[in-house]
Amino acid sequence: MPVPAPSDRRFRRAHVTPGRRTRLLAVSWRKAGRAAVLLAVLLYAAYRATYAVLHADALTISRITVSGNSRLSRGEVAALLAGIRGASMLTVDLESWRRTLLSSPWVADAAIRRVLPGTVAVAISERQPMGIGRVNDDLYLIDDRGGIIDQFGPNYAELDLPIIDGLAAAPRDNGPLIDETRAALAGRVLASLQARPDLARRVSEIDVTDARDAALILKGDTALVRLGTEQFAERLQSYLDLAPALRERIAAIDYVDLRFDERVYVKPQGRRPAPSGPGR
């Protein structure tokens with residue numbers, strides 16, 4: 001039979017509130033997971049889009065155009081830039097490839113620019129040979145600054161350029177081939193004559209053995225014309241103006257010294273120099 005049990009008013013059922021933090025953590029992890037998946041999808045889509053852009057035919061270098069070259073053939077320029085083909089026009093380092101072009105002794109300056117679709121345009125400025133330097137037993141093409149361009153050979157036989165002597169530097173281990181001071185003097189002579197093609201065509205040899213005195217020999221003339229370190233074209237023109245009168249007085253001339261503007265010294269072969277001009 002049932003047994004009655006007295007109720008105790010002090011007893012209360014425990015009020016337990018469900019754990020909201022646990023539910024929030026579970027919801028947050030689900031959101032983070034969905035966000036991570038979404039981010040991965042977006043990153044992959046961006047990667048594929050970037051890859052497609054970088055490898056698009058219009059943005060892949062497949063053609064090289066060359067202008068301004070004369071001595072360098074288009075093939076030689078293309079060979080210097082061989083690794084640029086297939087690169088992306090957006091990421092290719094044009095300055096690095098420009099430095100590669102400047103490594104060629106014939107290239108004085110170069111410019112490279114992008115041209116859509118898939119083309120890089122190369123503009124070359126070449127060094128101009130102004131003389132043939134005789135260094136020891138070898139011949140070299142020399143530019144208007146006295147620098148070596150290339151070794152002279154049969155492939156340059158059509159060039160009608162003056163021979164330059166006195167360029168060789170003192171022999172020493174790993175030293176330069178050309179003396180810089182005398183090369184600079186030769187360069188100044190060449191630059192001065194470049195402005196007077198009529199005079200430049202008459203010069204057969206230039207001697208810079210003495211770094212303080214450039215001496216020239218003209219075609220069809222055996223006299224050594226000493227010009228010093230300045231006013232080369234002006235002094236050479238003075239000699240040409242005086243030459244007929246000098247030849248009337250002195251049949252065989254060793255040298256003519258034009259370094260002193262007020263006087264011209266003429267040395268006959270086998271005799272001491274004789275002054276000529278206003279101060280005589």
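- In this structure a side-chain-to-backbone donor-acceptor pair under 3.5 Å is missing from Asn136 to Asp138.
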Please step through side chain to side chain contact (heavy atoms under 4.5 Å, CB included) for the pair Glu76 and Arg71, ending with a clear verdict.
CA-CA 10 Å; Glu76 288 172 315; Arg71 288 290 168 184; over 6 Å; no
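- Put simply, CG on Leu94 and CD1 on Ile112 are 6.0 Å apart, with the number rounded to the nearest 0.5 Å.
- Annotation for Glu234: atom CD counts as buried by contact number, over 12 foreign heavy atoms lying within 6.0 Å.
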One pair to check against side chain to side chain contact (heavy atoms under 4.5 Å, CB included): Gln269 and Thr222. What are the steps and the verdict?
CA-CA 10 Å; Gln269 290 183 4; Thr222 59; 4.3 Å; yes
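- For Ala121 against Val115, the heavy-atom pair with the smallest separation is CB-CG2, 4.0 Å.
- Checking side-chain atoms of Arg114 against main-chain N and O of Met89 turns up a donor-acceptor pair under 3.5 Å.
- Pairing each heavy atom of Ser104 with each of Leu80, the nearest pair is CB-CD1, 4.0 Å.
- Considering Leu227, Leu218, Leu216, Val264 in turn, Leu218 is the only one that fulfils the side-chain contact (heavy atoms from CB on, under 4.5 Å) rule with Tyr239.
- Checked by atom type and distance alone, the side chain of Ser103 pairs as donor or acceptor with a backbone atom of Thr100 at under 3.5 Å.
- For CZ of Arg145, the number of neighbouring non-hydrogen atoms (other residues, nucleotides, ligands) closer than 6.0 Å is 12 at most.
- Here the side chains of Arg235 and Arg226 are not in contact, with every heavy-atom distance at 4.5 Å or above.
- Using the six-membered ring where Trp is involved, Phe260 and Tyr265 have ring planes that are perpendicular, over 60° apart on the 30 and 60° scheme.
- At least one side-chain heavy atom of Ile142 sits less than 4.5 Å from a side-chain heavy atom of Ile178.
- Within the 4.5 Å cutoff, the side chain of Trp106 has no heavy atoms near those of the Val77 side chain.
- Among all heavy-atom pairs drawn from Leu190 and Pro162, the shortest one is CD2-CG, 4.5 Å.
- With a 4.5 Å cut-off on side-chain heavy atoms, Glu205 and Arg134 count as touching.
- For Trp97, the ring pair (Phe, Tyr, Trp, His ring centres under 6.0 Å) test picks out no residue, with sequence neighbours left out.
- Going from atom OG of Ser96 over to atom CG of Leu101 covers 10.0 Å, rounded to the nearest 0.5 Å.
- The minimum heavy-atom distance linking Gly166 with Thr209 is given by the pair CA-OG1, 3.5 Å.
- In this structure a side-chain-to-backbone donor-acceptor pair under 3.5 Å is present from Arg98 to Ala110.
- Under the side-chain contact (heavy atoms from CB on, under 4.5 Å) criterion, Ser192 pairs with Phe232, Ala233, sequence neighbours left out.
- Taken from CD1 in Ile163 to CG in Leu139, the straight-line distance is 5.5 Å, to the nearest 0.5 Å.
- Between Ile132 and Leu159 the shortest side-chain heavy-atom distance does not fall below 4.5 Å.
- Atom CG of Asp160 is surrounded by 12 or fewer heavy atoms from other residues, nucleotides or ligands within 6.0 Å.
- For the pair Gln194 (side chain) and Asp144 (backbone), a donor-acceptor distance under 3.5 Å is absent.
- Side chain of Arg182 to main chain of Ala168: a donor-acceptor pair is present (N/O by atom type, distance under 3.5 Å, no hydrogens or angles).
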Hey, mind stepping through Val208 and Asp179 against side chain to side chain contact (heavy atoms under 4.5 Å, CB included) and telling me if it holds?
CA-CA 10 Å; Val208 291; Asp179 181 89; over 6 Å; no
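- Without hydrogens or angle criteria, Asp213 side chain to Gly228 main chain gives a donor-acceptor distance under 3.5 Å.
- Atom CG of residue Asp257 and atom CG of residue Leu224 lie 9.5 Å apart, to the nearest 0.5 angstrom.
- Using a 4.5 Å heavy-atom cutoff, the side chains of Asn69 and Glu126 are in contact.
- One finds the CD1 atom of Ile164 at 5.0 Å from the CD1 atom of Ile206 (value rounded to the nearest 0.5 Å).
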Verdict with reasoning, Tyr140 to Ile149, per side chain to side chain contact (heavy atoms under 4.5 Å, CB included)
CA-CA 7 Å; Tyr140 299 91; Ile149 299 175; over 6 Å; no
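- Taken to the nearest 0.5 Å, the NZ atom of Lys267 stands 11.0 Å off from the CD1 atom of Ile250.
- Residue Arg188 places its CZ atom among more than 12 non-hydrogen atoms of other residues, nucleotides or ligands, all under 6.0 Å distant.
- A salt bridge is absent between Arg127 and Asp150: the closest approach of a Lys/Arg side-chain nitrogen to an acidic carboxylate oxygen does not fall below 4.0 angstrom.
- The two residues Gly86 and Thr60 make their nearest non-hydrogen contact at O-CG2, 3.6 Å.
- Within the 4.5 Å cutoff, the side chain of Val122 has no heavy atoms near those of the Thr65 side chain.
- Counting heavy atoms from C-beta on, the side chains of Val203 and Leu236 come closer than 4.5 Å.
- Between Asp109 and Leu102, the closest heavy-atom pair is CA-CD2, 3.7 Å.
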